[in-house]
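Quick note on labels: first sequence line is chain A, next is B, and so on, each numbered from 1. Since we're looking at a predicted model, the values are computed, not measured.
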Amino acid sequence: MCYHYSINKTATEIAERYNILPRLPQIDPFPVHYHTNGFDHEYLPIVLQNVKEGDLNIDFMQWGMVPAWVKGEEHASGIRSKTLNARYETIDVKPSFKHAFKYRPCLVPATGYFEWMHYNGKKYPFFIFVPDMEIFSFAGIWDEWISEQTGEILHSFAIITCEANRLTSKIHNARKRMPVILDPQNENEWLMADEIPKKKALLKPFDSSRMNAYTISRLITDRNRDSNIPGVVRPFKYPELNDLELSG
DNA sequence: CCAGACGTTGTT
DNA sequence: GTCTGG
DNA sequence: CCAGACGTTGTT
DNA sequence: GTCTGG
């Protein structure tokens, strides 16, 4: 699963990472997100294929995908907390996701994500990242929803999940899921492929040996403070976890 | 056929 | 313990 | 996912 | 819009 992640880079830096240079003036300034909570449905930078010109573009979409067929604002705000993630196993058959899976793939730029380990009855937050990629991509899907009431257009997205790999299943010691992270050489393929088996073949757990993680402070879920600050991704030690071995 | 849902996570 | 709201 | 509530009566 | 349960 993945309900909390980090993209603490400016839109300009993200554009450079994906070789999207020409449109820079339009997309900055944009706030960085040391921590975004899915249930806040923030606007976040998304990379997608520009249908007309064929090159990549950045758009800003709300996390929590509202499918195009949803009727009414109330229904839209009700469903988006349940569509933060989409299971890869059923993404091609679920009514909420199959259309977006077929026609609207996207990359979700990230610098890391957050997960809680359950240990002796307590929960410990971890920051999980890919040391060899400052910005990496979750595989995502998006959709366009138009409000009947206001005519307003909403672009929103979901992050695809798969079974956890070795590292992430140790942090998730109960149920084992993780967001799909794409190898950079597969990013374009994810945006371009049009055969369902080809697309599903890309949705695999990322190489555990290329990932790393450490504990962070409980500031991340402190409701009395803004968690979107650098301190939220800084290492924080819990003495009772000292014996824990993540790499083995 | 119609009505109603449409989703994920976690669980010693 | 379990549900709800964010 | 986590944090926080979890109930009723009567109401200027 | 499309699927599922009754």
- Message: Could you tell me how far B/dA3 sits from D/dC6 if I compare only their C1' atoms? Round to whole Å.
- Response: 34 Å
- Item | 5'-most by nearest nucleotide on DNA chain B - A/R177 or A/I79 | A/I79
- Could you label the plane-to-plane angle of the A/F114 and A/H35 rings as parallel, tilted or perpendicular, counting under 30° as parallel and over 60° as perpendicular? perpendicular
- Message: Under 4.0 Å, counting only non-hydrogen atoms across every strand here, what does A/S81 touch: a base, just sugar-phosphate, or nothing?
- Response: nothing
- Message: What's the gap between C/dT4 and B/dA5 when it is taken at their P atoms, as a whole Å value?
- Response: 16 Å
- Query: Hey, is the side chain of A/H118 poking within less than 4.0 Å of OP1 or OP2 on D/dC2, counting only N and O atoms?
  - Reply: yes
- A/Y124 and A/E240: CA distance, side-chain angles, deciding distance, side-chain hydrogen bond (donor to acceptor under 3.5 Å, both in side chains) verdict: CA-CA 11 Å; A/Y124 298 88; A/E240 62 270 36; 2.9 Å; yes
- Query: P atom, D/dC1 versus B/dT8: distance in rounded Å?
  - Reply: 14 Å
- Is A/W69 stacked on the base of E/dT2, with ring centres under 5.5 Å apart and planes under 30° apart? no
- Task: Decide if atom CZ of A/R225 counts as having more than 12 heavy atoms of other residues, nucleotides or ligands within a radius under 6.0 Å.
- Result: no
- Pull out every stem in DNA chain C, meaning runs of 3 or more consecutive Watson-Crick or G-U wobble pairs with both distances under 3.5 Å. C:1-6 with D:1-6
- Message: In the structure I gave you, are the side-chain heavy atoms of A/H41 and A/L84 within less than 4.5 Å of one another anywhere?
- Response: yes
- Query: Just checking A/A86: base, sugar-phosphate only, or nothing, at a heavy-atom cut-off of under 4.0 Å?
  - Reply: sugar-phosphate
- Inter-nucleotide P distance (C/dG1, D/dT11), Å rounded: 39 Å
- Query: With a 4.0 Å cut-off on heavy atoms, is A/F114 in touch with a base, just the backbone sugar-phosphate, or nothing at all?
  - Reply: nothing
- Could you work out the separation of C/dT2 and B/dT9 based on their C1' atoms and round it to a whole Å? 15 Å
- Query: Hey, are A/K199 and A/D92 close enough for a salt bridge, meaning a charged N less than 4.0 Å from a carboxylate O?
  - Reply: no
- Message: Looking at A/E89 and A/R177, is there a salt bridge between them, counting it only when a charged N and a carboxylate O are closer than 4.0 Å?
- Response: yes
